[in-house]
Each structure stands twice: as C-alpha cells, then as structure tokens.
Protein chains: 2
Amino acid sequence: MKKGQITIKDIAKELNISASTVSRALNNNPDISPETRELVQKFAKEHKYKPNSMAMNLRSKHSNIIGVIVPELANHFFSSVLSGIELVAEEHDYQVIVCQSLEDYSKEVRNVQTLIKARVCGVLISQSKTTTKYEHFQELIDNDIPIIFFDRICTGIDTGKVVVDDYSGTFNATEYMINTGCKRIAFLGAPPHLEISKNRKNGYLDALRKHHLPIEDDFICGADNKQLGYQTAKELLLSVNKPDAFMCMNDYTASGVLVAAKELGVKVPEEISICGFSNSNISQDTDPMLTTVDQYPAKVGEEAMNLILEKVNNPEKQERKNRIIKTNLIIRNTTKQLPENEE
Amino acid sequence: MKKGQITIKDIAKELNISASTVSRALNNNPDISPETRELVQKFAKEHKYKPNSMAMNLRSKHSNIIGVIVPELANHFFSSVLSGIELVAEEHDYQVIVCQSLEDYSKEVRNVQTLIKARVCGVLISQSKTTTKYEHFQELIDNDIPIIFFDRICTGIDTGKVVVDDYSGTFNATEYMINTGCKRIAFLGAPPHLEISKNRKNGYLDALRKHHLPIEDDFICGADNKQLGYQTAKELLLSVNKPDAFMCMNDYTASGVLVAAKELGVKVPEEISICGFSNSNISQDTDPMLTTVDQYPAKVGEEAMNLILEKVNNPEKQERKNRIIKTNLIIRNTTKQLPENEE
DNA sequence: TTGAAAGCGCTAACAC
DNA sequence: GTGTTAGCGCTTTCAA
C-alpha cells in the first residue's frame with residue numbers, strides 16, 4: 001500500500017472544511033447542505049477518492065469480509081462453488097478472501113489464523129482430507145466468528161452446513177446401473193473419516209440391498225483420484241471376480257478407471273459401466289463421455305454464503321440451519337441403456 | 001467481524017501494565033525485561049491473542065496484501081498460476097485477495113475498485129477478453145499501486161509482465177506437426193486484440209513460412225473454447241479444402257475439434273493432427289490424449305509474484321522487468337509420429 | 001449546517 | 001525498562 005491515495009483529511013484541507021463534514025457529505029448524510037455535498041462529492045470524484053476499507057473496518061468493527069477455505073481451486077467443483085459464493089457476496093457488498101488448504105492440515109490451520117487476523121466476519125470451509133483435529137475450527141467459534149461447512153463437512157463442530165445429497169446421489173446412480181443390468185458393482189470412495197464418504201457408501205450399500213445384491217468387501221475400495229482409480233480398477237479387473245461396474249467418488253477417479261479399462265481391452269459400457277461424481281469439466285472430454293452426478297456446485301456456494309450472512313447478521317440466533325442440495329444423475333455413455341421393457 | 005477477539009488493551013489492563021509494553025513484549029523488543037516478555041507472551045498465548053491486521057495495516061500504511069485478478073478460476077491454467085502466486089506469497093508473509101473478472105470488462109473495473117479500497121500493495125492481472133480500455137489499470141498506477149501483468153498482458157500500460165513464450169510455443173508445435181507430414185494446418189485463435197493471440201499466430205505463420213507452406217486465410221479462425229472449436233472444426237472438415245491439422249488456442253478448443261472429428265469419422269491422428277495449448281487437466285482425459293504445450297503455470301505465478309514484490313519493496317526503481325516463461329511441447333496421441341528417417 | 005473531539009487497535013517517538 | 005502521547009483514516013457523538 002502506498003501513500004498515493006487521497007484521504008478525507010486531504011479533501012477537508014483542500015476545501016477548507018472539517019473532515020467530519022467531508023465524511024458526512026460523502027455518506028449523503030441529510031444534515032449536510034446540498035451545496036457542500038455537491039462540492040465535496042465533485043471534488044472526491046475528480047480526485048478519485050476511495051475510502052480506505054481498513055480504516056472503515058477498524059472503526060466499525062465489521063470487516064464485510066468472508067473467508068473461504070477450500071482444499072484446492074484446481075478442483076473444478078471447488079472453483080465452481082466459489083463462483084456461487086462470490087455471486088452472493090457481491091450482491092451483499094461483501095468481499096471474499098479465498099485460501100487453499102491443498103489437503104494439508106497444517107496449512108488449513110494457518111489459513112484459519114490468517115482469517116482471524118484479517119478479522120473476517122465469517123468463514124466458509126470445506127475441510128482437507130487430512131484434517132482430523134478440530135481445534136482450529138473451534139477457535140473461530142471461540143472468537144465469535146461463525147462458520148458454515150460445505151461439502152466436506154466436519155461433524156465434530158456444531159454449526160450450519162451445506163451438503164450435497166451424497167446419499168441419494170449415490171443411491172440413484174447405483175440403482176440406475178443395477179437397472180441397466182449391472183450386478184457386481186465396485187465402490188471407489190474417499191478416506192472413510194469424511195462424512196461425504198460415509199454417506200455415499202451408504203447410498204451405494206442401500207441400493208445393493210434394495211435389489212438384493214450381495215455386498216462384497218473386496219469391491220469397496222479407497223480411491224479418489226485418477227491415479228488411484230486407475231490402479232484400483234486395474235487390480236479389480238484382473239481379479240477372478242471382476243466387477244461389472246464402478247461407482248466412483250469423483251470424475252477424476254472415473255477417468256482413471258476408464259483408462260485402465262481401455263488398457264485392458266475391457267469395453268465400456270458393454271463389459272463394465274462407470275459412473276463418476278461431480279459433472280466436472282473433464283466429464284465431457286473422456287471417450288465415452290462420463291455418466292456422472294451433478295452436484296450443482298454454484299448452488300452449494302450460494303446457499304453457504306446465504307447461511308453465513310444470516311449468521312453474521314443475526315449473531316444472537318443460535319439455531320443452526322442446514323441445507324441439502326439435490327443432485328442429478330447425468331446419463332452419458334459410460335453406462336448402459338435401460339432395457340426397453342423396464343419403462 | 002465480532003467483538004470476540006482480545007486486544008492489546010485487554011492484555012494491558014489484565015496485567016496492569018501499559019499497552020505499549022504489551023506491544024513491545026509481543027514484538028520481542030529488546031528493551032523489554034525478560035520477565036515482562038514472558039508474562040505477556042504467556043498470557044497472549046493462553047488467551048489466543050491475534051493481532052488485528054486491519055489496525056496494523058492502517059498504522060503501517062502497508063497492507064501486505066497482493067490483489068490478483070484473473071478471468072476465471074475454473075480455468076485450470078489460472079488456478080495453477082494462483083498456486084504459484086500463493087506459494088511465493090506465503091514465503092514472504094503476504095496475503096492474496098483473488099478476484100474473478102469472468103471475462104467481463106465492467107466486473108474487472110469493479111475488481112480494481114475493490115482492490116484499491118482494500119489498499120493492496122500491488123496487483124497481478126491477467127486481463128479479460130472483453131477489456132479494451134485501460135483507465136482502470138492506469139488508476140492503479142496513479143494511486144501508486146504497482147501492477148504486473150501475466151499471460152494476458154496489456155500493452156497499453158507500461159509495466160512489468162510475465163508471459164508465456166507463446167510465439168516459440170506455437171512455432172515449435174506447428175513445426176512439429178509439419179515435420180510429421182502435415183501440410184494444411186488450421187489455426188484456431190483467440191480475439192485478435194490480445195497480445196497472446198498475435199504472438200501465437202505469428203509463431204504459427206512463421207513456422208509455415210519457414211517450411212514454405214502456403215498461408216490460407218480460411219484456415220485462420222477465431223475459436224477459443226470447446227463449443228467454438230467444435231463448430232469451426234466441423235465447418236473446416238466439411239469444406240472442399242479440408243485441413244490436415246489444427247493448432248489450437250487451448251486444450252478446451254482442441255477437445256472440441258476432437259469431438260467434431262470423431263463425429264465426422266475423421267481419424268485422429270491418421271487423417272488430422274490436433275495440438276492444444278496449456279497441458280490442462282483435460283488433456284490426458286481425451287481419447288486419444290492431447291498433444292499440447294505446457295506453459296508451466298505455477299512458474300508464471302511465482303515469477304509474477306516475485307516481480308511485484310520487487311516493485312513493492314523498491315518503489316523508486318523505475319525499470320520494468322519482464323519475464324518470459326519457456327514452454328514445452330508435450331507429445332501425446334493426437335499428432336502423428338515423426339518419420340524415422342528424419343532423425 | 002458544521003466543527004471539535006474521541007476512539008477503533010496498534011506502534012513509535014519521546015519522556016522518565 | 002516502562003508509561004505517555006500521538007496518529008494511521010474514518011465516523012459519530014456532542015456542542016455550537
């Protein structure tokens with residue numbers, strides 16, 4: 001920050017009036033005479049006066065800044081969520097500070113410290129995969145900074161959350177594959193301590209149960225990126241009991257499965273079906289294009305921002321609201337067609 | 001921002017000493033007695049004191065914040081650049097505020113206003129496609145806020161820049177396709193007012209010239225996203241004079257070309273070669289995988305951050321430094337092999 | 001209708 | 001070694 005910027009004092013001196021008059025004129029205070037107001041506003045505009053938000057925040061004890069912590073922005077889901085957040089933020093004249101934890105617990109802790117120092121009004125968080133301690137989240141709350149979790153929520157902290165309907169999303173996708181004739185469906189999930197993993201796994205399991213399909217432990221694997229998707233699929237496809245479908249944690253994992261299938265000469269979707277999750281930008285670039293579950297990420301961001309603003313504006317209200325965003329199965333070409341007679 | 005946070009005054013009152021002593025103790029000022037220092041630091045730690053950065057910034061007239069304006073974070077190149085920026089920022093204890101212009105000139109102008117109000121120390125910008133006026137950039141400079149452009153630079157403003165070596169990147173990629181036997185190479189570029197477009201087009205043209213290939217105006221098109229890549233490729237591939245290769249502005253465009261080719265039954269790379277640009281996350285998901293040009297986005301971010309920090313720390317120095325990041329052709333499967341005898 | 005003064009949280013002269 | 005004072009840019013009593 002440089003000294004280039006003009007201040008209220010400068011204007012006051014130049015116009016031979018007091019700083020408080022300038023402040024009032026700029027804020028359209030009705031007490032001020034129209035002439036003074038005009039004069040000041042004209043001068044301010046000409047000299048491109050911009051209020052110093054740090055000074056304003058310090059005085060008002062309200063920063064109008066919302067902090068956001070995401071695992072990584074290179075992940076299409078999170079950058080899309082961010083767009084939703086920013087949309088609502090701009091409508092309400094809030095600023096957003098974004099931090100990436102890069103899936104690293106200690107970085108996430110530092111992110112939190114930064115946001116506290118910046119005196120943000122509230123924080124939106126999707127926690128890193130490696131986070132299993134929650135003191136840093138608690139510290140925010142202890143400092144009266146409300147938080148809302150989204151997507152990768154933290155059940156250890158009692159506050160509002162915005163989640164994707166992971167259970168139904170996975171249930172529906174799994175059931176769809178069952179309806180197309182798949183009987184041996186593998187599940188490639190994320191670290192089991194994450195809520196999102198549990199819910200999706202439950203959706204998967206319940207779909208199998210509903211259709212009286214056996215549950216095989218070997219088919220339930222941890223694999224949530226392309227590399228792991230590739231490796232895991234390769235192993236499974238080479239085993240005696242090979243699966244005929246893969247329900248994946250995200251599209252990256254699904255794309256890894258697809259690569260493995262091609263490498264082994266396994267036809268998709270004839271021999272195996274693959275379903276991703278997210279409807280991310282890569283899902284239309286694979287060949288065949290991925291069947292996947294849209295999570296409406298922008299909506300997740302919007303709802304999260306709405307919830308946090310509510311909390312910021314009504315700090316006394318203790319109720320914690322949650323939002324569940326419905327998902328939508330997008331059927332493309334890595335899954336088989338439904339049989340005609342089922343319609 | 002809430003009133004939950006403890007201040008230096010609070011500590012002073014509690015410990016029956018003055019605020020300045022507390023401040024000195026916290027800052028490890030050597031004048032302070034070891035006992036007092038211990039006492040204060042212990043108390044601060046226990047009560048999780050966090051300095052109010054707004055107050056500090058206001059006082060020091062230095063915010064330690066760098067503003068970043070990018071077209072959109074959902075674009076993998078920009079989110080990767082941001083990672084490089086944040087890496088260097090964290091090393092130097094700087095904070096980053098990221099704004100998205102979403103390719104909208106007026107949003108970009110608003111972004112600039114926000115950053116001026118936040119009194120950022122400097123700004124890193126990659127301009128939106130729709131930006132053709134530069135007063136907002138000039139305003140930053142008039143306010144003594146240094147700026148560094150990266151990737152989509154603005155030639156209308158005289159300041160430092162970090163660019164990818166678009167010319168050589170495109171030249172080399174085009175020449176490679178020529179060496180594999182392509183003779184009728186189309187160029188799908190971005191809006192011509194952007195430097196990046198001009199440089200890439202020149203790289204393309206010079207490669208054709210060097211190898212005495214004719215330049216056909218019909219082969220030079222504006223198409224810089226998947227949809228346009230698809231449409232343009234479809235038209236070109238259905239024309240009498242169809243091209244045998246496509247040099248594309250980015251991987252998204254290339255993926256559109258690929259879809260068009262498949263739809264028309266044109267074999268890739270046997271009948272047409274396709275080269276993208278960026279080595280973005282989709283480039284390994286297409287089938288065949290895209291030949292593309294790596295731009296080392298993290299390096300772009302790091303260099304940009306280094307340049308701006310230099311400017312911030314030496315405001316008097318007027319020299320404007322530029323950095324050119326070398327590119328690297330990544331040969332995958334949408335281009336033919338070099339003939340053996342050429343080696 | 002306007003000005004003077006105080007204070008948000010912090011630090012740096014300047015005293016003692 | 002520590003306290004007092006002043007001021008960063010802004011707004012808001014209170015007084016005139």
Side-chain angles (χ1 to χ4, degrees), chain A residues 1-41 43-44 47-65 116-121 143-144, chain B residues 1-41 43-44 47-65 116-121 143-144:
Chain A
M1 180 178 114
K2 289 310 157 16
K3 20 198 59 177
Q5 286 102 340
I6 183 178
T7 74
I8 273 192
K9 268 192 174 173
D10 297 329
I11 301 181
K13 209 170 290 174
E14 210 67 41
L15 260 41
N16 269 318
I17 52 179
S18 77
S20 33
T21 305
V22 175
S23 168
R24 281 187 277 248
L26 290 171
N27 293 311
N28 287 315
N29 184 314
D31 290 345
I32 229 73
S33 80
E35 303 83 50
T36 318
R37 191 158 45 75
E38 278 306 303
L39 184 70
V40 171
Q41 294 197 349
F43 187 93
H47 292 73
K48 310 207 172 162
Y49 167 78
K50 296 272 180 328
N52 182 325
S53 25
M54 291 183 310
M56 292 180 66
N57 295 343
L58 181 59
R59 172 145 223 294
S60 66
K61 307 192 100 196
H62 187 88
S63 66
N64 267 40
I65 300 176
I116 295 180
K117 286 190 207 162
R119 297 299 193 266
V120 294
C121 295
N143 279 292
D144 274 327
Chain B
M1 180 175 111
K2 291 305 158 18
K3 21 197 63 181
Q5 287 100 343
I6 182 176
T7 73
I8 272 191
K9 268 193 177 173
D10 297 329
I11 301 182
K13 210 171 289 172
E14 211 65 41
L15 262 39
N16 270 318
I17 52 179
S18 76
S20 36
T21 303
V22 175
S23 167
R24 280 186 279 245
L26 291 171
N27 293 309
N28 286 316
N29 185 316
D31 289 347
I32 227 76
S33 80
E35 302 82 52
T36 317
R37 190 155 47 74
E38 278 307 302
L39 184 71
V40 171
Q41 294 197 349
F43 188 95
H47 292 74
K48 309 211 174 162
Y49 167 79
K50 295 274 182 323
N52 182 324
S53 28
M54 291 183 310
M56 292 179 65
N57 296 341
L58 181 59
R59 173 145 222 293
S60 66
K61 308 194 92 188
H62 187 88
S63 65
N64 269 37
I65 300 175
I116 295 181
K117 285 190 208 161
R119 297 301 192 264
V120 295
C121 294
N143 279 293
D144 274 327

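Each chain gets a letter, A, B and so on, in the order the sequences are listed, and its residues count up from 1.
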Classify B:S23 by what it touches in the nucleic acid, base, sugar-phosphate, or nothing, heavy-atom distance under 4.0 Å. base

What is the distance from CD1 of B:I8 to C1' of D:dT4, rounded to the nearest Å? 15 Å

Nearest whole angstrom, please: distance from the P of D:dT11 to the CD1 of A:I11. 11 Å

Once you round to the nearest 0.5 Å, how far does CZ of A:R37 lie from CD1 of A:I32? 9.0 Å

In short, the helix from C:dT1-D:dA16 to C:dC16-D:dG1 is bent end to end, axes from five pairs each side, to 10°, by 50°

Please determine whether any donor N or O and acceptor N or O are separated by less than 3.5 Å between the side chain of B:R24 and the base of D:dG3. yes

Opening and closing nucleotides of DNA chain C in contact with chain A, under 4.0 Å to non-hydrogen atoms: C:dT1 to C:dG9

Value rounded to 0.5 Å, distance of CG in B:N29 from OG in B:S20: 10.0 Å

B:D31 has an atom CG; how far is it from atom C1' of D:dT4, in whole Å? 16 Å

Do B:S63 side-chain atoms and B:N57 backbone N/O form a donor-acceptor pair below 3.5 Å? no

Rounded off to whole Å, could you give me the CD-to-P distance for the B:E38 and D:dG1 pair? 15 Å

In whole angstroms, the gap separating C1' of D:dG3 from CD1 of B:I17 amounts to 11 Å

Ignoring hydrogens and geometry, is there a side-chain-to-backbone donor-acceptor pair from A:S23 to A:A19 under 3.5 Å? no

So, does A:S20 get its side chain near the phosphate of D:dT12, meaning an N or O under 4.0 Å from OP1 or OP2? no

d(A:K50 NZ, B:R119 CZ) to nearest 0.5 Å is 8.5 Å

Is a side-chain donor-acceptor pair under 3.5 Å present for A:Q5 with B:D144? no

How many whole angstroms separate atom NZ of A:K9 from atom P of D:dG7? 7 Å

If only atom types and distance count, is the side chain of A:D10 paired as donor or acceptor with the main-chain N or O of A:T7 below 3.5 Å? yes

Is any side-chain nitrogen or oxygen of B:K61 closer than 4.0 Å to OP1 or OP2 of D:dG7? no

Quickly work out the A:H62 NE2 to D:dC10 C1' distance and round it to whole Å. 16 Å

Take the protein atom CD1 of A:I6 and the nucleotide atom C1' of D:dC8, then report the distance between them rounded to whole Å. 16 Å

Give the nucleotide from the list D:dC8, D:dT2, D:dG3 with an atom nearest to the side chain of B:S18. D:dG3

When rounded to the nearest 0.5 Å, the distance separating OH of B:Y49 from CD1 of B:I8 is 4.0 Å

Under 4.0 Å between a side-chain N/O of A:N27 and OP1 or OP2 of D:dT11, yes or no? yes

Within-4.5 Å side-chain heavy-atom neighbours: B:L39 and B:I17: no

